[in-house]
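The shown structure was predicted, so the numbers you read here are calculated from the model rather than taken from an experiment.
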Amino acid sequence: MTDHDDTTTTDAEPSPAPGSDGFSSAEAAFISQMGSLMERWGLPQATGRLFGYLLLRNKPVDLDTMTSELGQAKSGLSVAARQLESWTLVRRSTRPGSRRIDYEAVGDLQHLLLVNNAHMRKFTETLSSGIPVARGEARDRLASLATLFSGFVEQTEALVADWEARRAAS
């Protein structure tokens with residue numbers, strides 16, 4: 001994305017005009033794909049589109065700018081931003097001397113994986129809570145699934161720790 005911030009590019013050309021026409025076709029496709037992906041996770045497509053948009057941003061952005069650049073209603077984007085914040089995929093901030101709230105995508109991979117792990121851990125706990133009340137094959141299935149997802153969480157945490165160690169060493 002060409003950043004769509006209130007600055008000019010290095011060759012003194014202004015940022016593209018607000019609205020969906022201001023995005024390159026690749027940027028628009030990415031934003032749309034993120035909307036479709038997150039919709040499959042049970043979130044509204046607008047939430048996914050906002051996340052895709054924020055991932056392409058280099059600076060935090062306020063709701064008025066989001067509304068202008070994405071061409072969506074401010075109320076819907078406000079709800080989407082709060083949903084992303086509840087998943088800890090975005091963080092909010094304020095500018096000194098302003099009451100406006102800015103949002104930015106949380107950009108560290110390990111954070112995204114650990115957020116997913118928190119959901120998987122809760123899913124594992126819920127599966128495990130069904131084991132004592134299930135009988136026969138259902139009990140075995142719940143125990144097997146709980147073990148699988150528990151292993152997934154452990155392996156993901158090990159992967160993140162290894163990645164962080166390699167990153168720190170470089």
Side-chain angles (χ1 to χ4, degrees), residues 1-123 152-153 156-170:
M1 189 156 121
T2 52
D3 204 16
H4 301 286
D5 290 319
D6 293 330
T7 60
T8 57
T9 59
T10 54
D11 57 1
E13 290 183 43
S15 296
S20 60
D21 292 341
F23 300 113
S24 73
S25 60
E27 291 164 344
F30 174 77
I31 291 168
S32 179
Q33 288 168 352
M34 190 59 70
S36 296
L37 172 68
M38 293 187 84
E39 188 175 39
R40 289 189 289 263
W41 293 354
L43 292 169
Q45 191 171 76
T47 300
R49 287 180 46 77
L50 177 59
F51 187 51
Y53 165 79
L54 290 173
L55 283 169
L56 294 175
R57 296 289 304 210
N58 289 321
K59 296 180 182 177
V61 63
D62 62 61
L63 284 171
D64 289 332
T65 302
M66 290 180 215
T67 299
S68 173
E69 292 186 354
L70 288 169
Q72 293 179 247
K74 189 174 186 176
S75 59
L77 288 172
S78 176
V79 169
R82 285 194 309 270
Q83 286 175 326
L84 291 169
E85 188 177 19
S86 75
W87 279 53
T88 62
L89 295 173
V90 302
R91 68 179 143 249
R92 69 168 57 200
S93 61
T94 57
R95 298 176 207 169
S98 174
R99 292 179 30 185
R100 286 185 188 244
I101 298 171
D102 291 333
Y103 293 92
E104 66 182 318
V106 175
D108 49 359
L109 174 64
Q110 70 273 27
H111 179 79
L112 295 175
L113 290 172
L114 294 176
V115 166
N116 185 57
N117 260 11
H119 294 288
M120 287 293 167
R121 191 174 288 111
K122 182 65 178 166
F123 184 62
F152 175 84
V153 168
T156 303
E157 287 172 353
L159 172 71
V160 168
D162 180 59
W163 182 78
E164 287 177 337
R166 284 188 282 137
R167 188 173 166 192
S170 58

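- Under the 4.5 Å side-chain criterion, counting only non-hydrogen atoms from C-beta, L50 is in contact with M66.
- In this structure, T156 and N116 have side chains that are not in contact, with every pair of non-hydrogen atoms separated by 4.5 Å or more.
- A heavy-atom distance below 4.5 Å is not found between the side chains of V106 and T88.
- Closest of all the heavy-atom pairs between A105 and L55 is CB-CD2, 3.7 Å.
- Here CG of L84 is found 7.5 Å from CG of L43. Values are rounded to the nearest 0.5 Å.
- Taking D102 as the reference, R95 meet the side chain to side chain donor-acceptor pair (under 3.5 Å) condition, with sequence neighbours excluded.
- In this structure, CG in L63 is found 10.5 Å from CG in L70, a value given to the nearest 0.5 Å.
- Of all heavy-atom pairs between G52 and M34, the closest is N-CG, 3.6 Å.
- Rounded to the nearest 0.5 angstrom, L113 CG and E157 CD are separated by 10.5 Å.
- Looking only at side-chain heavy atoms (C-beta outward), R99 and T94 stay at 4.5 Å or farther from each other.
- For the atom pair S32 OG and R49 CZ, the distance stands at 6.0 Å (nearest 0.5 Å).
- Side chain of S68 to backbone of T65: no donor-acceptor contact under 3.5 angstrom is found.
- In this pair, F23 and Y53 present their aromatic rings perpendicular. The plane angle is above 60°, beyond the 30 to 60° band.
- Here CD of E39 is found 10.0 Å from OG1 of T47. Values are rounded to the nearest 0.5 Å.
- Residues Y103 and D62 form no side-chain contact, since every pair of their non-hydrogen atoms from C-beta on lies 4.5 Å or further apart.
- Side-chain contact check for M38 versus P44: every heavy-atom pair is 4.5 Å or farther apart.
- For the atom pair CZ of F51 and CG of L89, the computed distance is 4.5 Å after rounding to the nearest 0.5 Å.
- With sequence neighbours left out, R82 forms a salt bridge (Lys or Arg N to Asp or Glu O under 4.0 Å) with no residue at all.
- Residues passing the ring pair (Phe, Tyr, Trp, His ring centres under 6.0 Å) test with F123, sequence neighbours excluded: F149.
- In this structure the side chain of E104 never reaches within 4.5 angstrom of the side chain of L54, judged on heavy atoms.
- A salt bridge does not link E85 to R91: none of the charged side-chain nitrogens sits closer than 4.0 Å to a carboxylate oxygen.
- A salt bridge links E69 with R57; the closest basic N to acidic carboxylate O contact falls under 4.0 Å.
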